[in-house]
There are 2 protein chains.
Amino acid sequence: MKDIWKKFDETEPSHSSIHHLMAVYHLHKKNGYARGIDIANYLNITRGSVSITLTKLRDKNYLTEDENKFYHLTEQGQQLVNSALSKRHIVKRFFSEVLQLPAEVAELDACKIEHLLSNETGEKLICFMGYYLSEKPEVLNFRLGFRQFKYQCQSVAECRLCESDCFFSGKEISKTG
Amino acid sequence: MKDIWKKFDETEPSHSSIHHLMAVYHLHKKNGYARGIDIANYLNITRGSVSITLTKLRDKNYLTEDENKFYHLTEQGQQLVNSALSKRHIVKRFFSEVLQLPAEVAELDACKIEHLLSNETGEKLICFMGYYLSEKPEVLNFRLGFRQFKYQCQSVAECRLCESDCFFSGKEISKTG
DNA sequence: AACTTTTGTTTTATTAATAAAACATTGAAT
DNA sequence: ATTCAATGTTTTATTAATAAAACAAAAGTT
């Protein structure tokens with residue numbers, strides 16, 4: 001594929017837009033409605049910015065505006081929100097429960113990448129977590145072994161994981177820190 | 001933490017800038033030098049854009065420009081490149097070897113998120129992959145079990161993984177597709 | 001009814017990343 | 001030395017996301 005690196009910016013809708021939609025979702029859940037001012041406060045940006053962004057999102061059919069200027073997600077908008085939130089949730093659990101990252105790091109990293117991951121990746125990760133969190137004996141043994149495992153990346157030559165110039169080489173890497 | 005969602009845009013340096021630095025790295029490796037035109041061709045953008053971006057990166061001490069307009073990564077720039085490439089590499093391996101995603105999806109998703117993941121996350125993932133790829137018996141059993149595992153997200157109520165409105169609920173999710 | 005506050009919209013401006021085109025420099029070929 | 005091609009820089013313009021401020025409308029208070 002040509003210019004893979006450019007795909008980063010071609011995400012449609014953008015990170016910002018998805019967070020506008022998620023704001024509508026959360027405000028509905030919490031208050032039963034979502035107006036421009038509520039979204040602005042929730043996202044901590046100005047009313048003007050929200051007005052501009054929501055107009056675009058309305059034109060793209062991610063939400064509707066009723067007579068009272070209340071916003072409602074369309075089916076399409078709701079799906080986007082569900083997909084982003086589901087990915088965030090499962091990624092966060094993977095980060096904190098499998099990788100044992102601190103909650104804040106797990107939360108932050110998950111939020112940053114949620115909308116960039118394909119749905120396919122989200123699905124596979126759910127499948128993996130379903131297995132990892134099961135009480136199957138082979139899983140319990142695996143988790144036990146991991147708790148005691150330390151990975152020491154001795155040198156680039158010996159490391160089975162990295163390419164040359166590995167940023168992490170030479171560092172002691174353990175599950176707990 | 002306030003405004004976690006805004007951290008996405010506050011990544012310093014940006015996705016684009018990191019790819020400029022990676023271009024310098026790859027071109028040096030391949031040709032022994034990196035000029036503006038080479039970077040422009042490599043990234044498939046104009047010379048003018050490269051000139052502007054590289055001037056900024058030079059001012060921020062990520063690279064230097066010699067008398068012949070050849071660019072060289074500084075220690076700081078090289079570290080950024082190493083950290084991004086290492087994370088991309090290990091994420092890609094996790095996606096394809098653990099989650100069993102097709103190579104193209106693994107590559108694309110890894111490229112999108114590489115620079116957004118914290119170094120801490122990169123480290124932990126390397127540790128996990130070191131364990132997962134080891135030949136320890138408990139790992140082999142785990143992998144065997146996973147190969148046969150199917151996760152069926154029956155309903156939101158029963159699902160141990162999701163929150164309400166899970167995007168993936170009701171779908172049959174298996175390791176192979 | 002007049003005033004004030006709240007909310008929404010529009011306009012002007014900024015920043016980053018880009019393109020495109022004009023401009024500048026350099027170096028090689030004739 | 002003149003010309004031409006390659007390369008680098010600057011300028012102008014665009015797009016997305018924002019702020020800030022001006023403006024508009026609606027809604028509540030007195």
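This is a predicted model, so every value here is computed, not measured. Per chain, numbering begins at 1; letters A, B, ... match sequence-line order.
Rounded to whole Å, atom P of C:dA16 lies 13 Å from atom CD of B:E10. B:I39 has its CD1 atom 16 Å from the C1' atom of D:dA6, to the nearest Å. The CG-C1' distance, from B:D66 to D:dG8, rounds to 14 Å in whole Å. Between B:L43 atom CG and C:dA19 atom C1' there is a gap of 15 Å when expressed in whole angstrom units. Atom CD in B:E65 sits about 12 Å away from atom C1' in D:dT7, given to the nearest Å. Atom NE2 of A:H20 is separated from atom C1' of D:dA17 by 9 Å (rounded to the nearest Å). We find that CD of B:E67 is positioned 14 Å from P of D:dG8, with the value rounded to whole Å. Straight-line distance from the NZ atom of B:K56 to the P atom of C:dT15: 10 Å, rounded to whole Å.
Within the nucleic acid shown, A:S14 comes within 4.0 Å of sugar-phosphate atoms alone, with no base atom in reach, counting heavy atoms only. Looking at heavy-atom distances under 4.0 Å, A:H15 makes no contact with the nucleic acid at all. Within the nucleic acid shown, B:S16 comes within 4.0 Å of sugar-phosphate atoms alone, with no base atom in reach, counting heavy atoms only.
Across every non-hydrogen atom of A:D3 and B:L43, the tightest pair is OD1-O, 3.9 Å.
Considering only heavy atoms from C-beta on, B:Y33 stays 4.5 Å or farther from B:K69 through its side chain. The shortest side-chain heavy-atom distance between B:F8 and A:S16 does not fall under the 4.5 Å cut-off.
Taking side-chain N and O atoms only, A:S49 has no distance below 4.0 Å to OP1 or OP2 of D:dT18. Taking 4.0 angstrom as the limit, A:T46 places none of its side-chain polar atoms (N or O) nearer than this to OP1 or OP2 of D:dT18. Phosphate contact (OP1/OP2 of D:dA26, side-chain N/O of A:K69, threshold under 4.0 Å): absent.
Residues B:K56 and B:D59 are not paired through a salt bridge, judged by the lack of any N-O separation under 4.0 Å between the basic side chain and the carboxylate.
Between B:F94 and A:F128, the ring-plane angle classifies as perpendicular under the 30° and 60° cut-offs.
Mapping B:R35 and B:I52 onto DNA chain D via the closest heavy atom, the residue that lands nearer the 5' end is B:R35. Residues A:G36 and A:W5 both approach DNA chain C. Their nearest nucleotides, taken by heavy-atom distance, put A:G36 toward the 5′ side. Where A:K6 and A:Y71 meet DNA chain C, the nucleotide closest to each residue was compared, and A:Y71 sits on the side nearer the 5' end.
Among D:dA17, D:dT10, D:dT18, the nucleotide with an atom closest to any side-chain atom of B:S51 is D:dT10.
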